[in-house]
Amino acid sequence: MQTLEIRPKILYYGTPVALIATANEDGSANLAPISSSWALGYTLVLGIGASSQTYANLVARPQLTINVPSPALVEHVERLAPLTGRDPVPAEKQAQFRTERRKFEAAGLTPLPSLEVLPPRVAECPLQFEAVVSALRPLADDGFAAIVEARVLRVHAHAEIVAEREHIDVAKWHPLLYVYRHYFGRGTYLGRTFRAETSYVVAGRDR
Ligand SMILES: Cc1cc2nc3c(=O)[nH]c(=O)nc-3n(C[C@H](O)[C@H](O)[C@H](O)COP(=O)(O)O)c2cc1C
């Protein structure tokens, strides 16, 4: 296989979109899309830009909700994309972003009170996690972003994606993927790992 050495501006090869809700200093909620996240047990590791309102809120009030949208919510996500809760807009964002403090309204999304943390959940997102910050540190090589460890306290899922009480029904759950700044839905089913505890069932057929 021939390869080319290239230097793309970004390395975002494809991860699900998540909407992070945090508490502003006045008690209102901020909401921002991210795609830098992954799960290690009940910890979600997030990459958060240091000039964002999300970062400032997490440092001051270390509670959050992580809400995972389905492909049906892509337009709501993109409505949030050019917004920041920061006022004034940070210098590096000034050409493309504007300040918006009422993010839920701007996105056309519904805040749902959380059970254990201050920031609300996003009612329309099929997966909603309530979490507290357990660690936060700037990137070692560059202060443009921070690594945030979020310990998940509670998991909420839309009833239609829950199977056998404690599992996510992978035939019904579709994340929204962010691939080199483009949005995709999920592809076709390819199989399961040897440790999968559930089946992929479509139209009554177990695979
Ligand atoms: C699909 C998508 C994925 C994004 N991923 C991230 C990310 O992983 N981390 C991050 O800090 N910003 C990410 N951003 C950019 C933030 O959403 C943006 O900086 C926003 O202004 C932050 O809002 P805030 O300042 O109100 O917190 C992403 C934006 C979009 C649209």
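In each ligand, atom 1 is the first atom listed, and ligand 1 is the first ligand listed.
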>> Tell me whether L46 shares a hydrophobic cluster with L136, the cluster being built from Ile, Leu, Val, Met, Phe, Trp, Tyr side chains joined at under 4.5 Å.
In response: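 Both belong to a single hydrophobic cluster.
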Taking distance alone, with N or O pairs closer than 3.5 Å, would you say [X] contacts ligand 1?
X   : value
V17 : no
S35 : yes
T84 : yes
Q53 : yes

Should you measure from each heavy atom of [X], which atoms of ligand 1 turn up under 4.0 Å away?
X    : value
A32  : 22 (C), 23 (O), 27 (O)
K103 : 23 (O), 24 (P), 26 (O)
I48  : 11 (O)
G49  : 10 (C), 11 (O)
G47  : 7 (C), 8 (O), 9 (N), 10 (C), 11 (O)
Y183 : 1 (C), 31 (C)
G85  : 24 (P), 25 (O), 26 (O)
L83  : 20 (C), 21 (O), 23 (O)

Would you indicate whether the side-chain heavy atoms of [Y] and [X] approach each other to under 4.5 Å?
X    : Y    : result
F104 : V122 : yes
V152 : T43  : no
T22  : Q53  : no
L19  : L109 : yes

>> Are there over 12 heavy-atom neighbours, none belonging to Q96, within less than 6.0 Å of that residue's CD?
In response: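 Result for CD/Q96: open.
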> Counting only heavy atoms not in Q94, do more than 12 fall under 6.0 Å of its CD?
Replying inline: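 Enclosed.
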>> Among S51, S37, A81, S36, which one puts a heavy atom closest to atom 31 (C) of ligand 1?
In response: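 The residue whose heavy atom sits nearest atom 31 (C) of ligand 1 is A81.
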> Should one rank P33, P69, P16, P90 by closest heavy-atom distance to atom 12 (N) of ligand 1, which comes out on top?
Replying inline: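 Considering heavy atoms of P33, P69, P16, P90, the nearest to atom 12 (N) of ligand 1 sits in P33.
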Please list the nearest protein heavy atom to [atom] with its residue and the distance rounded to 0.1 Å.
atom                    : value
atom 7 (C) of ligand 1  : I34 CB, 3.4 Å
atom 19 (O) of ligand 1 : K93 NZ, 2.8 Å
atom 3 (C) of ligand 1  : Y178 CE2, 3.5 Å
atom 27 (O) of ligand 1 : T54 OG1, 2.6 Å

> Just by distance, with hydrogens left out, do S51 and E92 show a side-chain donor and acceptor under 3.5 Å apart?
Replying inline: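 The criterion, which ignores hydrogens and geometry beyond distance, is satisfied for E92 and S51.
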> With the threshold set at 4.0 Å, does a side-chain nitrogen-carboxylate oxygen contact exist between R101 and E25?
Replying inline: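 A salt bridge is present here (some side-chain N lies under 4.0 Å from a carboxylate O).
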> Do NZ/NE/NH1/NH2 and the carboxylate oxygens of R98 and E100 come within less than 4.0 Å?
Replying inline: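 Between E100 and R98 there is a salt bridge, with a charged N closer than 4.0 Å to a carboxylate O.
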>> Which residue is it: R102, R86, K103? I am looking for the one with a side-chain hydrogen bond (donor to acceptor under 3.5 Å, both in side chains) to N30.
In response: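 By the side-chain hydrogen bond (donor to acceptor under 3.5 Å, both in side chains) criterion, N30 pairs with just one of R102, R86, K103: K103.
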> Which residue pairs satisfy the ring pair (Phe, Tyr, Trp, His ring centres under 6.0 Å) criterion with at least one member in residues 149-180, sequence neighbours excluded?
Replying inline: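 Ring pair (Phe, Tyr, Trp, His ring centres under 6.0 Å) check on residues 149-180 returns Y178-Y183.
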> Does ligand 1 have a heavy atom under 4.0 Å from the side chain of N30, from its backbone, from both, or from neither?
Replying inline: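 The answer is the side chain of N30.
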